[in-house]
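Remember, predicted model here, so these are calculated numbers, not experimental data. Start at 1 with the first residue, then count along the sequence. Hydrogens, waters and symmetry mates play no part in the numbers below; they use all other heavy atoms, side chains included.
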Amino acid sequence: MTEQQDDTGDLGPSRRSFMALTALAAAVPTLMGGATAAGAASSGSDRSGSDRSGSELKAGAGKAVFTPSAAILPLDKFTSVHDDLHARVLLLESAGKRIALVVLDLTSVSAEAIGLIRTAVTEATGVTAADIMVTVTHCFSAPHVAASTSSASAAAYVRNIVAATKSAAEDAANGLRSARIGYGEGRADVNVNRNVPTADGWWLGVNEQLPSDKGVYVARIDDLDGNPLALLTNYNVQSCVMQDSVMADGNLPITADLAGAAVAHVEEAYPDAVGFWLVGACGDQFPGLRAKRYTIDRDGHWTYGVDLKDAGFALLEAQGERLGNEIVRVSETITRYASGSRAPVRLVTDSVTTTQITGPGASAPVKTATFTPGGSAEVPLWVFRVGDIAFAGVSPELSTSTARAIREASPFTGTFVMSMFEGGAKNMPDRWNYEHFTYEALDGFYIEGTAEKVAARIERTVKSLK
């Protein structure tokens, strides 16, 4: 068996450990009124948005590039750029209320950056901090957002992200117009369950026998003349086709990965619209084809290290195109839209109190593990509706079963279930993952049963918005 270093090959400290330190710090202080964001909503509050005049649905969208320049590379071990990273902002208004959604091509984002982003979006749009949601595509081929005080390059990176988000928000505000929203569903066989039995216990790989929700969930927002303004997609997969893949020349390239490739295809089809990737249940889902992959022999012995290098981008392009084509196809089939008073916008924030745990860590498969309860932990929730579409977001990475339970219980025509809100957090495994000591369980932060508790709370909240 080849030695494996967490989920990051030989590229240094665990990127998941970094995410746990930065993103978990972001979630609770920001939502609960910490210094990083002023005026945050209290637990269980209905945040229907900042006051504005008018009763019809209005929407605006914008995007801007924040790719690190050559001057600040290498950054977080990334040494080159394959394609750009973007900040995208969706602004929604209805019945005199506004909310904003920020989506960043990042693995996670720090509490510091989230606070600065909220300030920038408020300045650009007038939306209050509590009505601004920040999420990421969970792309593993983008530098982590370190504290500005850690280095000049880190500070420049944070400034780039904040400036790009403000520019995108300004475009969204300037383009705000009367709109309608529709919903459609499709299917794409791009994701696969990553829980695989090995001789040493459950680990990472490709398992066609375990569940994957291959649904492609699409919300299309048009102006009243039928011109697309924004395409929102919810799909269950990590954007990690190129994760840890080092090129033949020794470079580790930055790329928006699978989410970026799919959205780029959508934006090519609709040049005047902005595409939004809202990552779903990604805790147990890999892309089916990855540049650097796990392999398991007939005796159950595993390795991590087969690397296609530059050729891996062909896998990225093909899978991104496959998803992008399906998003566009679904978009073209949408015929029922809601507008005006039939498209209310409401945002509810809440949180679930649970217990944090300490486990052995996800450095290698195990057949048994001990999880030690610690102090209490909050799991922040964001639930909003636009017309007859519900959107439910949490910070941790969800399992397929958790997202499926939420979606099946929803009374809405369409329901998006999203991970990685408020900067992202570690995994929130369901009971099956704990019972099998999977990577998701070993990498988890929350006591067994938390996922089911959170799903039940979200189900109630979604129903309350109907």
Side-chain angles (χ1 to χ4, degrees), residues 19 23 26-27 30-31 47 88-90 92 99-109 114 131-139 181 183 185 191 212-219 221 230-239 258-260 262-263 275-285 323 327 345-352 379-386 389-410 412-428 430 440 450-451 454-455 457-459 461-462 465:
M19 185 173 71
T30 302
L31 186 66
R47 300 297 311 181
R88 292 175 169 88
V89 177
L90 177 67
L92 296 168
I99 63 173
L101 174 66
V102 177
V103 181
L104 305 167
D105 287 333
L106 292 169
T107 314
S108 60
V109 61
I114 288 175
D131 301 322
I132 300 168
M133 296 166 284
V134 181
T135 186
V136 296
T137 61
H138 207 32
C139 162
I181 187 167
Y183 176 80
E185 296 180 5
N191 58 353
S212 287
D213 178 356
K214 300 184 184 296
V216 177
Y217 306 101
V218 178
I221 301 175
L231 276 295
L232 285 65
T233 301
N234 186 209
Y235 190 74
N236 305 296
V237 71
Q238 292 185 357
S239 283
L258 182 59
V263 169
F276 292 83
W277 181 270
L278 298 169
V279 61
C282 55
D284 55 5
Q285 301 296 308
L323 271 168
I327 296 166
V345 175
R346 288 182 62 196
L347 167 64
V348 175
T349 57
D350 200 352
S351 67
V352 171
V379 182
L381 315 176
W382 291 261
V383 181
F384 65 103
R385 71 170 290 185
V386 186
I389 308 171
F391 300 80
V394 299
S395 294
E397 295 181 60
L398 298 175
S399 304
T400 296
S401 66
T402 306
R404 181 173 290 164
I406 294 168
R407 183 170 282 113
E408 289 178 350
S410 173
F412 286 84
T413 299
T415 302
F416 282 39
V417 183
M418 303 165 291
S419 302
M420 306 308 296
F421 265 50
E422 200 65 16
K426 297 180 77 173
N427 283 290
M428 190 166 69
D430 61 9
E440 194 175 351
T450 300
V454 167
R457 178 70 64 83
I458 291 175
E459 288 169 17
T461 305
V462 168
L465 290 176

Worksheet item: Less than 4.5 Å apart, any side-chain heavy atom of I458 and any of V394?
Response: yes
Item to complete: For N191 and Y235, work out which heavy atoms get closest and say how close.
Response: OD1-OH, 2.9 Å
Worksheet entry | Any donor-acceptor pair under 3.5 Å from S239 side chain to A259 backbone | yes
Fill in: 4.5 Å side-chain heavy-atom contact, L323 and W277
yes
Discussion item. Does any part of the side chain of H138, heavy atoms only, come nearer than 4.5 Å to the side chain of T107, both counted from C-beta?
Written reply: yes
Practice prompt. For T135, enumerate each residue passing the side chain to side chain donor-acceptor pair (under 3.5 Å) test, keeping only those at least two apart in sequence or located in another chain.
Written response: none
Fill in: Spatial distance of atom OG1 (T461) from atom CZ (R385) [nearest 0.5 Å]
14.0 Å
Practice prompt. Might you point out which heavy atoms bring G275 and R88 nearest each other, and give the distance in Å?
Written response: O-CD, 2.7 Å
Worksheet item: Which atom pair, heavy atoms only, marks the closest approach of V379 to M428?
Response: CG1-SD, 4.3 Å
Practice prompt. Specify whether Y183 and Y217 have parallel, tilted or perpendicular ring planes, treating 30° as the upper limit for parallel and 60° as the lower limit for perpendicular.
Written response: parallel
Worksheet entry | Heavy-atom check, side chain of V263 versus side chain of T137, under 4.5 Å | no
Worksheet item: What pair of heavy atoms forms the shortest contact from S419 to P396, and how long is it?
Response: CB-O, 3.4 Å
Worksheet item: Which heavy atom of V279 sits nearest a heavy atom of V237, and at what distance?
Response: CG2-O, 3.3 Å
Discussion item. Any non-hydrogen side-chain atom of P380 less than 4.5 Å from a side-chain atom of E422?
Written reply: no
Fill in: Shortest non-hydrogen contact from R457 toward L381
CG-CD1, 3.5 Å
Item to complete: For the residue pair E397 and M420, establish whether any side-chain heavy-atom pair is separated by less than 4.5 Å.
Response: yes
Worksheet item: Run the side chain to side chain donor-acceptor pair (under 3.5 Å) check on D284 and T400 step by step: do they pass?
Response: CA-CA 7 Å; D284 55 5; T400 296; 2.9 Å; yes
Discussion item. I'd like to check D131 versus L347 (side-chain heavy atoms, cut-off strictly below 4.5 Å). Are they in contact?
Written reply: yes
Worksheet entry | Side-chain (S212) to main-chain (K214) donor-acceptor, under 3.5 angstrom | no
Worksheet entry | Check: W382 and M418 side chains under 4.5 Å, non-hydrogen atoms | no
Discussion item. Please enumerate all residues that pass ring-ring contact (aromatic ring centres under 6.0 Å, His included) together with F416, with sequence neighbours excluded.
Written reply: F391
